[in-house]
Amino acid sequence: MNDVQTAIAALRESAERPPHLRDLFDADPGRGDRHALSHADLRLDYAKHRVDDEILTRLFALARARGLAERIEAMFSGAPVNETEGRAALHMALRAPEGVRFEVAGQDVVPDVHEVLGRMASFAERVRAGGWLGFTGRPIRNIVNLGIGGSDLGPAMACEALAAYADRGLTVRFVSNVDGTDLAETVRDLDPAETLFIVCSKTFTTQETLTNARSARDWCTRALGSEEAVARHFVAVSTQGDRVAAFGIDPERMFGFWDWVGGRYSLPSAVGLSLMIAIGPTRFREMLAGMRDLDEHFRSAPFEANLPVVMGLLGVWYGSFLGMQTHAVLPYDRYLRRFPAYLQQLDMESNGKRVDRAGEPVALDTAPVLFGEPGTNGQHAFFQLMHQGTRVVPADFIGFCQSLNPMGDHHDLLTANLLAQTEALAFGRTADEVRAAGVPEALVAHRTFPGDRPSSTLLVDRLTPASLGRLIALYEHKVAVQAAVWDINAFDQFGVELGKELAGRIGPELSGAAEPEHDSSTNAMIRHYRARRAPEGDV
Ligand code: F6P
């Protein structure tokens, strides 16, 4: 057996008799202090996990056997770690200060990064100051980002997360879905004369975004009476200058980025333009500094004290060895309500893979189904299953020690709920405890909580641009750790292609321009839809 096989075999052996959380805590009164890590304003409690020292040692051994340190260095050194597409994954360069070198193919990319950041900052300042005028001479007050996936989820999440730092005189909205209702409802109450669209697409070929961009252009030019309005009301974010120009946006009004930035890692690039306009360049740079801080931690901290490494390996333990198929992320802060949706793409598009880097079936199960909702709302929805269902859902709880909206005892109540949930999940309530509380025998089973349900808790001092930056980079690197352990490429996403291709065929079949040629189920639905579809132009 090689080192990887030995490490996997050892963990499989551990998985046959995983320790119970009650036993782990009974055996070690100092567990809560020993199993916690701090970095800057972040504290990770990972005591409530089904791991003892031996299991942790075995997980670190697996990481070492997989060459995690070398994979991290390869990523930071700009090697083409996205091997199937022959590209680097160097999002860390997007938050590097001037003077720090990050090379792709021998070329330092940091000066280009700062050139674009500088152009973004001038533009953002101008819009914020009311100096960017629309076609009729009125200042822009509304920003609508048109993008999907990584060209939407990051800035949409961060604009929500940092709303407390935003210029409230500006309206910043996001349209992603090709469902016309998304655009219609988003612009319904906006004045075209005061609205700027950011067409955000790395490839500038994405059907949803280009369809929305064309409809937005029609809405704008129809209202303002001239095609020339496009010059004042549309800017682009892309890696593809030619396609941007072909759409009718002057490359002067394009903010570029590079093929070594993956879509789901692109928030700190020009893809964050809407966020920069909302919160201003200074706050945006604070977010970049937070990311950079976590990048350095990830690159330099020993594995045992490395937050992304520890979080990544715990995920591997549950998903690959204990057969758990889901993972919940539960932010106890309304500002982070889009964080789980953002993480879904980051985690599931990156690591939802079934073959390893060599194209062979993976040795271990890969990414879990990730979901989440802010607390306390989730408690009144799906937590029942987490406490008493037949499936165990490992969870990350995220809370803040200070509220940005202090109000009576709200924040202590919120935090009490967070901590109570982690305690209840971990330790439950035994049948004897339920009986001792006087519950009638017929209800004892119903009122028993099995416990032994694991969670991490991230406590952050306060939600700031820098702390958000750290959280984002923490999860980005957790995904990279898991990809290394599973030996998969986290940076391609061929799984989205087949559906796109088939949609391209089905489109004309729905309108009647072509006859359906699929399986009998799909053909029948196409015929059903065609018979009922509104006639062309009917609205
Ligand atoms: O859904 C696939 C995907 O390629 C994502 O990876 C990406 O973030 C999204 O589409 C949007 O792509 P683009 O920015 O090129 O429009």
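In listed order, ligands and their atoms are each counted from 1.
- Ring centroid separation for the pair W219 and F197 comes in under the 6.0 Å cut-off.
- Because its NZ or CZ atom is both nearer than 6.0 Å to the ring centre of F247 and within 45° of the ring axis, R217 counts as a cation-pi partner of that residue.
- Scanning for ring-ring contact (aromatic ring centres under 6.0 Å, His included) contacts around F303 gives an empty result, with sequence neighbours left out.
- With sequence neighbours left out, the salt bridge (charged side-chain N to carboxylate O under 4.0 Å, His left out) criterion links R334 to no other residue.
- The contact set between ligand 1 and G150, taken as ligand atoms under 4.0 Å from a residue heavy atom, comprises 7 (C), 8 (O).
- Aromatic ring centres of Y265 and F491: separated by under 6.0 Å.
- Aromatic ring centroids of F339 and Y475 lie under 6.0 Å apart.
- For ligand 1 and T206, the ligand atoms under 4.0 Å from any heavy atom of the residue are 12 (O), 13 (P), 15 (O), 16 (O).
- Residue contact check for ligand 1: E208 places no non-hydrogen atom closer than 4.0 Å to it.
- The nearest heavy-atom contact from the protein to atom 10 (O) of ligand 1 is K500 NZ, 4.4 Å.
- Contacts between V496 and ligand 1, counted as non-hydrogen atom pairs separated by less than 4.0 Å, involve the side chain only.
- Shortest contact from atom 15 (O) of ligand 1 to any protein heavy atom: T203 OG1, 2.6 Å.
- In the candidate list L210, I148, D492, D152, I148 is nearest to atom 9 (C) of ligand 1, counting heavy atoms.
- Only the side chain of Q493 comes within 4.0 Å of ligand 1, judged by heavy-atom distances.
- Cation-pi geometry between R119 and F255 is met: under 6.0 angstrom from the ring centre, within 45 degrees of the axis.
- The protein heavy-atom contact nearest to atom 6 (O) of ligand 1 is E349 OE1, 2.7 Å.
- The N/O atoms of T209, backbone and side chain alike, include none that comes under 3.5 Å of an N/O atom in ligand 1.
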